[in-house]
2 protein chains.
Amino acid sequence: MIMIFNFKKETDVKNKEKNLFQNYLSTHKFKHSKQRKGILEIFLSIDRHLTAEELYRAVKQKYPSVGFATVYRTLKLLCATGLCRELKLESGPARYEHLYGHKHHDHLICTGCGRFVEVIDPEIERLQQKLSKTHGFLPQEHRMELYGICPECRNKNNG
Amino acid sequence: MIMIFNFKKETDVKNKEKNLFQNYLSTHKFKHSKQRKGILEIFLSIDRHLTAEELYRAVKQKYPSVGFATVYRTLKLLCATGLCRELKLESGPARYEHLYGHKHHDHLICTGCGRFVEVIDPEIERLQQKLSKTHGFLPQEHRMELYGICPECRNKNNG
DNA sequence: CGGTAAAATGATAATGATTTTCAATTTCAA
DNA sequence: TTGAAATTGAAAATCATTATCATTTTACCG
């Protein structure tokens, strides 16, 4: 018998992320609850920079009994697993971005529409390291956000 | 009669800052209250990256009747005047830094002791502009914080 | 000066985001 | 299956900040 499996690549990736999370829970002796699975599932289904509240609302649609606090708690776990990064921006609530399969990057943020673009400039990275060392610091991490107006918003305002 | 004035340079600078603030108030038809003068005076006397609460406490020592809200309100005015910049960091309350006489700069922050070092790298600045433009953005501003361990803390942990 | 409109103040309540608490429920190893 | 320990949802607490509002101050005007 020949069986042809037609997993979509996307699903493959999500399964890897699910496995990483299950693994994280196991190795830290945390329990595998329905809620944690459900929240991860919804998190994975939305590849945007969400706030906790936005994720909560999305989770509610499929799993109405889940509470706000559990979403927050699970986001912390996802961050600890390395699937997610918490971004504290200039204003507004924290946003959570997908990390799996994303290399380290910084952000270009449109002050008009709030759009996020992930950017990376190896030369800047190198100079940041150098700058830290110049001051005798042992570099750990950094954050860089570039604010500006994206092409669409520029057109909108001119038109 | 010969009079020898021996103004300290420091005092000179502070007077300039005071004048700038008075000027800002006048041109915006804001009133020149005791509280505003007092808060500026204390702000100028502490050249560190303070939180609103730290400033409030310092103000209280000399002017016990000043309220928390007025400190917040005055900090906004100081920012508007350009004497002060509000920094929203990864964690904790906002910090306020002195801007007068400080060129644009970013921060190197010690994760051990919380020390701030003001840094600037023209090459990084240039690359940031370029990076924004590469993505079609009209650059506005940016924030960059480099986290690491300062020389003192490195020694402490090794000793 | 004294009167007065507008602005500023301090105290306090309200807000928004996040965290903690706690009784009830669920998980999971034995 | 059972029971200890972890997790949950709801609600209260917290923390930083902002808004409200009655009272006081400021600044201008005669």
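Keep in mind that what you see is a predicted model, and the values were worked out from it rather than measured.
A salt bridge (charged side-chain N to carboxylate O under 4.0 Å, His left out) with Glu41(B) holds for exactly one of Lys34(B), Lys62(B), Lys14(B), Arg36(B); it is Lys62(B).
Applying the side-chain hydrogen bond (donor to acceptor under 3.5 Å, both in side chains) test to Gln129(A) and every residue at least two apart in sequence or in another chain returns nothing. For Ser65(B), there are no side-chain hydrogen bond (donor to acceptor under 3.5 Å, both in side chains) partners at least two apart in sequence or on another chain. Scanning for side-chain contact (heavy atoms from CB on, under 4.5 Å) contacts around Lys16(B) gives Tyr100(B), with sequence neighbours left out. Residues forming a side-chain hydrogen bond (donor to acceptor under 3.5 Å, both in side chains) with Lys130(A) (at least two apart in sequence, or on another chain): none. Residues satisfying the side-chain hydrogen bond (donor to acceptor under 3.5 Å, both in side chains) test with Gln35(B), not counting sequence neighbours, are none. Judged as a side-chain contact (heavy atoms from CB on, under 4.5 Å), and not counting sequence neighbours, the contacts of Cys79(B) are Cys84(B), Glu86(B), Tyr96(B). Scanning for side-chain contact (heavy atoms from CB on, under 4.5 Å) contacts around Glu141(A) gives Tyr147(B), with sequence neighbours left out. Scored by the side-chain contact (heavy atoms from CB on, under 4.5 Å) test, Lys60(B) finds Tyr56(B) as partners (sequence neighbours excluded).
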Candidate pair Arg143(B) and Met144(A), rule side chain to side chain contact (heavy atoms under 4.5 Å, CB included), full reasoning: CA-CA 6 Å; Arg143(B) 61 192 295 204; Met144(A) 183 174 90; over 6 Å; no
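In this structure, Phe116(A) and His49(A) have parallel ring planes: the angle between them is below the 30° cut-off, well short of the 60° mark.
Put simply, Lys34(A) has a side-chain N or O that comes within less than 4.0 Å of OP1 or OP2 on dT27(C).
Protein chain A contacts DNA chain D over a range whose 5' and 3' limits, counting nucleotides with an atom under 4.0 angstrom from a non-hydrogen atom, are dA5(D) to dA10(D).
For the 3.5 Å distance criterion, the side chains of His107(B) and Glu97(B) qualify, holding a donor opposite an acceptor.
Using a 4.0 Å cut-off on heavy atoms, none of the residues of residues 39-46 of chain B approach DNA chain D.
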Pull out every protein N or O sitting under 3.5 Å from an N or O of nucleotides 28-30 of chain C, one pair per line with the distance.
from: dC28(C); atom 1: OP1; to: His32(A); atom 2: N; distance (Å): 3.0

Annotated protein contacts, base or backbone, on nucleotides 10-22 of chain C with a non-hydrogen cut-off under 4.0 Å, one of B, S, - each: BB-----SSBBB-
